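Heads up, the thing below is written out as structure tokens.
Each residue takes its place number in the sequence, starting with 1. Keep in mind that this is a model prediction, so the values were computed, not measured. Numbering of ligands and ligand atoms starts at 1, following listing order.
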Amino acid sequence: MTDFEPPLRLILDGEALASNWKALNAHSGSAQAGAAVKANGYGLGAREVAARLSDAGCRDFFVAHWGEAAAIADIIPPAWISVLNGIQAADIPHIRALGAVPVLNTPDQVAMWNASGGGRCHVMFDSGINRLGIAPEQISQCDLGSMDIDLLLSHLASADEDSAQNEAQHRAFHEQAAASGAKRLSLANSAGIMLGADYHYDLTRPGLSLYGGIARPEMEAFIKPVARLSARLLQVRTQPAGAPIGYNATHVCTSDTTVGTISIGYADGYLRAFSSKGTAHYGSATLPVLGRVSMDLVTLDISAAPELREGDWVDVEYDLPTASALTGLSQYELLTNLGTRFERIWR
Ligand SMILES: *Cc1c(COP(=O)(O)O)cnc(C)c1O
């Protein structure tokens, strides 16, 4: 960090994060809830997120890359960290030095792990997402019985929908579960937790809903928003009727309009999908986005808040389900887009 105060802020509610994990843990029934903290904790900051979830009682942390495991291994015991995207031969010495746990995704990875000495590992079974994991017809190629498998995992493709695929994947997973010799079984992501006790097994793996995402409508009742966006007002001017605003003049003022320009843009993850659609707030006043979102700037109609002055802060509306419906971006994209220029402030 430099001495300069960033002109945009991500205000993060640590109590809401902990409360979301505890609620998801409670909804997981007799299973424990873990936490997906990949992609920098879904954009919010992996170290800050992981420390708070560990304090809340979480003991299983999932990242995608080995670099993401290394980045939290000084604050989370490496044995609690699982790396979803598997192993490559060249990484194995570093993996063993780090002590985080690999999720083996292919028969080759299983063979490589065993040949290099084996030890505690997880195995991903592909029950039908057909993306990553050992397929049912490949299981017989893997000598799972002789291995020290902590978790047998699988991942649901359509848990956010009432799809017949959920039960089909559940059945495929169940058939492999007993024979795998794994100590623990894990199937459900955030949405999967709401599919009922059959889907919980020993460990659930929520990500999105920890961070305030509503993976299924039933979650609205207990998931709290975690992130708020706030941006500094850089300039205020009154524009007459007929004045074009921003790139390509996609908005033209229809009457005298007080226009305010704030310090956020698509480089911060506030994508052009919000152009002439997004809003900001100042107290109870709603401030619509006018015209195109630029790389570093957004223009607002601030007529509803005549008390606003250059240098003031406004809240940028970023309620995840609402913003997703407005823009067509998924709640996952909305979170993981959030860039590096925000000052991330935990409250
Ligand atoms: C990302 C991920 C999760 C978390 O999913 P959410 O939908 O964010 O709850 C769980 N398991 C695996 C394998 C993942 O890749």
Run the numbers on R205 and H155 for side-chain hydrogen bond (donor to acceptor under 3.5 Å, both in side chains), then give the verdict. CA-CA 9 Å; R205 309 185 307 272; H155 192 53; 3.2 Å; yes
Tell me the ring pair (Phe, Tyr, Trp, His ring centres under 6.0 Å) pairs involving residues 30-61, sequence neighbours left out? Y42-Y211
How long is the span from the CD1 atom in I134 to the CD atom in Q176, to the nearest 0.5 Å? 10.0 Å
If hydrophobic residues (ILVMFWY) are linked whenever their side-chain heavy atoms come closer than 4.5 Å, directly or via other members, who joins L203 in its cluster? F62, L84, V103, M124, L151, L153
With a 6.0 Å cut-off on the ring centroids, do Y201 and F173 count as close? yes
Looking at residues at least two apart in the chain, or sitting in another chain, which of them share a ring-ring contact (aromatic ring centres under 6.0 Å, His included) with F222? H27
What does the contact table look like for ligand 1 (nitrogen or oxygen on each side, cut-off under 3.5 Å)?
| residue | atom | partner | partner atom | Å |
| --- | --- | --- | --- | --- |
| ligand 1 | 7 (O) | N189 | ND2 | 3.2 |
| ligand 1 | 7 (O) | Y332 | OH | 2.6 |
| ligand 1 | 8 (O) | Y42 | OH | 2.6 |
| ligand 1 | 8 (O) | L208 | N | 2.8 |
| ligand 1 | 9 (O) | S190 | N | 2.9 |
| ligand 1 | 9 (O) | S190 | OG | 2.6 |
| ligand 1 | 9 (O) | G207 | N | 2.8 |
| ligand 1 | 11 (N) | H155 | ND1 | 3.4 |
| ligand 1 | 11 (N) | R205 | NE | 2.9 |
| ligand 1 | 11 (N) | R205 | NH2 | 3.2 |
| ligand 1 | 15 (O) | K38 | NZ | 2.6 |

